[in-house]
Amino acid sequence: MAFNYQRIVIKIGSNVITQENGLPDLPRITHLVDQIAAIKKQGIEVILVSSGAVASGRSLITVAEKSDAVAARQVLASIGQVKLINTYSHLFEQFQILCSQVLVTREDFRDRMHYLNMKNCLEALLQYEVIPVVNENDVVSVTELMFTDNDELAGLIASMLNANALIILTNVDGIYNGDPKAAGSAVIDEVSGNELDFSSFVSSGRSQFGRGGMITKSTMAQKTAQLGISVHIANGKRDQILTDVLENQVTHTRFIPNKTASGKKKWIAHSEKSATGSVLINAGAKAALISNKATSLLPVGIVGVITDFKKGDIIKLIDDTDKLIGLGIAEYGADKARERVGQKNQKALVHYDYLYLQG
Ligand SMILES: Nc1ncnc2c1ncn2[C@@H]1O[C@H](COP(=O)(O)OP(=O)(O)O)[C@@H](O)[C@H]1O
Ligand SMILES: N[C@@H](CCC(=O)OP(=O)(O)O)C(=O)O
């Protein structure tokens with residue numbers, strides 16, 4: 001393998017597994033499952049984020065989508081998800097692989113208990129060699145509760161599980177530097193950093209059954225790569241696409257992961273909503289942190305733990321006026337932090353490299 005990944009999240013867009021007439025494309029799903037099984041057999045952990053519930057529902061029932069679009073989507077997804085997961089379950093079974101269904105909402109990433117429950121469950125499923133098949137819970141995710149699309153969901157799952165890579169399969173070869181159908185347009189092979197403004201060449205148009213479009217994919221990919229996760233956007237309609245992407249043998253767009261601490265800091269800056277715990281810091285710690293010196297948050301500057309967290313979680317640093325001073329990744333959990341509150345010569349709770357201070 002050209003890329004030496006241990007854990008990958010694969011996102012399959014609705015269009016990849018849906019024929020033009022709206023019916024599920026069973027041969028395509030079968031071919032993708034064959035590849036995922038082969039990847040898994042090599043010892044790589046795979047989490048699948050699959051769209052397609054609504055499209056599958058359309059193949060089973062006709063609903064009046066115009067009169068109540070929300071109810072129609074709920075009905076289609078509720079019916080279609082059963083068919084989708086049954087198809088995956090049956091296909092993975094041929095390889096003696098178990099898959100599981102994980103349906104989530106945006107709220108699950110905001111609520112600390114939900115977030116931790118979901119993370120723990122996914123980690124446990126991976127330990128049991130199961131392939132989690134994740135989709136948005138379209139029955140309860142309505143209007144403002146919805147993810148922008150499943151690309152956003154896949155990015156959040158990849159970050160939560162600290163995956164090495166996220167592979168997004170769509171119905172074009174990658175991100176083009178213009179209209180994908182225009183003669184002069186070409187696929188952008190690599191994107192590094194987060195300076196590129198996609199809105200100048202990516203149109204807001206979506207494919208027939210897609211939701212977010214390429215702009216949300218690009219922005220999410222950039223953010224995810226800043227966390228140190230490689231993001232590949234490739235054409236899921238092409239045969240052998242997953243194996244070819246992993247061998248780096250096919251034209252597609254790759255977002256180069258940012259491995260530097262500053263990249264991590266930028267990502268932390270966007271993560272206030274994912275912050276699970278919080279600690280109260282004293283005036284001395286606040287002064288030290290906002291000084292120009294590179295300072296980590298030490299237990300001596302912590303007054304108390306406000307809300308619990310685990311090692312690796314993003315936590316909020318709050319001052320005595322309830323102001324958010326910064327965000328950072330906890331080096332250890334809330335229990336240890338409590339034991340060390342106010343103590344000198346203890347390991348930093350948040351290392352400077354993983355600390356983002358509010359401007
Ligand atoms: N510059 C661009 N490069 C690639 N695709 C683009 C670009 N601008 C717009 N698109 C559109 O984005 C679509 C893919 O996004 P989307 O419809 O959300 O797919 P999916 O269902 O896979 O999530 C493509 O089919 C294409 O029509
Ligand atoms: N949860 C929806 C998918 C919505 C969605 O984001 O679709 P897509 O843009 O194809 O990834 C479904 O399963 O139909």
Side-chain angles (χ1 to χ4, degrees), residues 9-20 22 24-25 28-29 32 48-60 65 69-70 72-85 87-88 101-106 133-142 145-157 166-182 184-189 191 196-221 232-238 241 251-253:
V9 174
I10 298 171
K11 187 260 170 173
I12 303 181
S14 311
N15 290 287
V16 172
I17 48 174
T18 310
Q19 304 172 60
E20 273 183 18
D25 186 344
R28 181 57 52 198
I29 304 178
L32 288 165
L48 185 58
V49 176
S50 179
S51 302
V54 173
S56 289
R58 279 199 193 102
S59 74
L60 298 167
E65 295 193 41
V70 172
R73 194 176 141 268
Q74 288 173 305
V75 168
L76 290 171
S78 179
I79 295 167
Q81 179 66 25
V82 180
K83 177 166 180 167
L84 185 67
I85 202 73
T87 306
Y88 278 122
Q101 172 175 271
V102 180
L103 297 179
V104 300
T105 67
R106 192 189 264 278
V133 182
V134 186
N135 195 0
E136 180 167 16
N137 188 339
D138 297 300
V139 172
V140 289
S141 295
V142 173
L145 293 178
M146 287 157 77
F147 294 103
T148 313
D149 58 16
N150 268 354
D151 300 314
E152 184 191 9
L153 167 58
L156 288 169
I157 296 272
L166 166 62
I167 303 178
I168 297 184
L169 296 183
T170 182
N171 64 343
V172 281
D173 285 346
I175 303 178
Y176 286 77
N177 56 8
D179 179 348
K181 294 201 179 80
S185 302
V187 170
I188 302 169
D189 289 328
V191 179
L196 200 57
D197 175 17
F198 294 98
S199 61
S200 59
F201 52 87
V202 175
S203 71
S204 57
R206 276 170 279 143
S207 47
Q208 199 185 353
F209 304 106
R211 189 152 97 202
M214 198 49 90
I215 296 217
T216 47
K217 264 189 233 322
S218 316
T219 330
M220 180 283 295
H232 302 260
I233 298 182
N235 193 339
K237 295 265 186 200
R238 280 187 187 277
I241 188 66
T251 299
H252 72 284
T253 304

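For clarity, every value in this text was computed on a predicted model and none was experimentally measured. Whatever order the structure lists ligands and atoms in, that order sets their numbers, starting from 1.
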### Message
So, using side chain to side chain donor-acceptor pair (under 3.5 Å) as the criterion, who are the partners of Glu152 when residues are at least two apart?
### Response
Arg106, Thr148
### Message
Is any side-chain heavy atom of His252 closer than 4.5 Å to one of Arg238?
### Response
no
### Under 4.0 Å to a heavy atom of Gly178 - the qualifying atoms of ligand 1, by number
1 (N), 2 (C)
### Query
Does any non-hydrogen side-chain atom of Ser50 lie less than 4.5 Å from one of Leu84?
yes
### Distance-only N or O hit between ligand 1 and Pro180, under 3.5 Å
no
### Message
Quick check: do Leu32 and Leu48 have side-chain heavy atoms less than 4.5 Å from each other?
### Response
no
### Query
Closer than 4.0 angstrom: is that true for some heavy atom of Gly174 and an atom of ligand 1?
yes
#### Entry: Asp149-ligand 1 polar pair, N/O distance under 3.5 Å
no
### Query
Just heavy atoms, cut-off under 4.0 Å: does Val202 contact ligand 1 by side chain, backbone, both, or neither?
both
### Message
I'd like to check which ligand 1 atoms, numbered from 1 as shown, lie under 4.0 Å from a non-hydrogen atom of Thr170.
### Response
14 (C), 19 (O), 20 (P), 22 (O)
### Message
Less than 4.0 Å is my threshold; does some heavy atom of Gly52 fall inside it relative to ligand 2?
### Response
yes
### Message
Main chain of Pro180, side chain of Ser185: is a donor-acceptor contact present, judged purely on distance under 3.5 Å?
### Response
no
### Task
Specify the closest pair of heavy atoms between Asn135 and Ala53, including all atoms of both residues, with the distance to one decimal.
ND2-CB, 3.7 Å
### Message
Is it the case that ligand 1 has an N or O less than 3.5 angstrom from some N or O of Lys11?
### Response
yes
### Summary
Across all chains, not counting sequence neighbours, the salt bridge (charged side-chain N to carboxylate O under 4.0 Å, His left out) partners of Asp25 are none
### Query
Do any N/O atoms on Val54 end up under 3.5 angstrom from N/O atoms on ligand 2?
yes
### Message
Between Thr18 (side chain only) and Ala55 (backbone N and O only), is there a donor and an acceptor less than 3.5 Å apart?
### Response
no
### Query
Does any N or O atom in Ser14 lie less than 3.5 angstrom from one in ligand 2, N or O only?
yes
### Message
Could you tell me if Asp138 and Gln81 have a donor-acceptor pair between their side chains, going purely by distance under 3.5 Å?
### Response
no
### Task
Taking Thr105 for its side chain and Asn137 for its backbone only, find out whether a donor-acceptor pair lies under 3.5 Å.
no
### Task
Decide whether the shortest distance between a heavy atom of Ser51 and an atom of ligand 1 is less than 4.0 Å.
no
### Message
As an exercise, identify every atom of ligand 1 less than 4.0 angstrom from a heavy atom of Ile175.
### Response
3 (N)
### Query
So is Asn135 polar-close to ligand 2, meaning N/O to N/O under 3.5 Å?
yes
### Task
Please could you name the atoms of ligand 1 that Phe201 approaches to less than 4.0 Å, counting only its heavy atoms?
1 (N)
### Message
If the cut-off is 4.0 Å to any non-hydrogen atom of Asn15, which atoms of ligand 1 fall inside it?
### Response
19 (O), 20 (P), 21 (O)
### Heteroatom distance test (Ser50, ligand 2): nitrogen or oxygen, under 3.5 angstrom
no
#### Entry: Where ligand 2 meets Asp149 - atom numbers and elements under 4.0 angstrom, heavy-atom basis
6 (O)
### Query
Purely on distance, is any nitrogen or oxygen of Ile12 under 3.5 Å from one on ligand 2?
no
### Summary
ligand 1 atoms nearer than 4.0 angstrom to some heavy atom of Ser14 are 21 (O)
### Query
Any N or O on Asp151 sitting closer than 3.5 Å to an N or O of ligand 2?
no
### Task
Would you give the length of the straight line joining atom CD1 of Ile168 to atom NZ of Lys217, rounded to the nearest 0.5 angstrom?
6.0 Å
## Note on the structure
Separation between OG (Ser51) and CD1 (Ile17), nearest 0.5 Å, reads 7.0 Å
### Summary
If we number the atoms of ligand 2 from 1 as shown, the ones under 4.0 Å from a heavy atom of Ser51 are 3 (C), 5 (C), 7 (O), 8 (P), 10 (O), 11 (O), 13 (O)
## Note on the structure
Going by the 4.0 angstrom heavy-atom rule, the piece of Asn150 near ligand 2 is both
### Task
For Lys11 and ligand 2, answer yes if some heavy atom of the residue is under 4.0 Å from a ligand atom, otherwise no.
yes
### Message
Below 4.0 Å from ligand 1: does a non-hydrogen atom of Lys181 turn up there or not?
### Response
no
### Closest non-hydrogen atom pair, Lys237 against Val16
NZ-O, 3.5 Å
### Message
I'd like to know if the side chain of Asn177 reaches the main chain of Ala186, judged simply by a donor and an acceptor atom lying under 3.5 Å from each other, with no hydrogens or angles considered.
### Response
yes
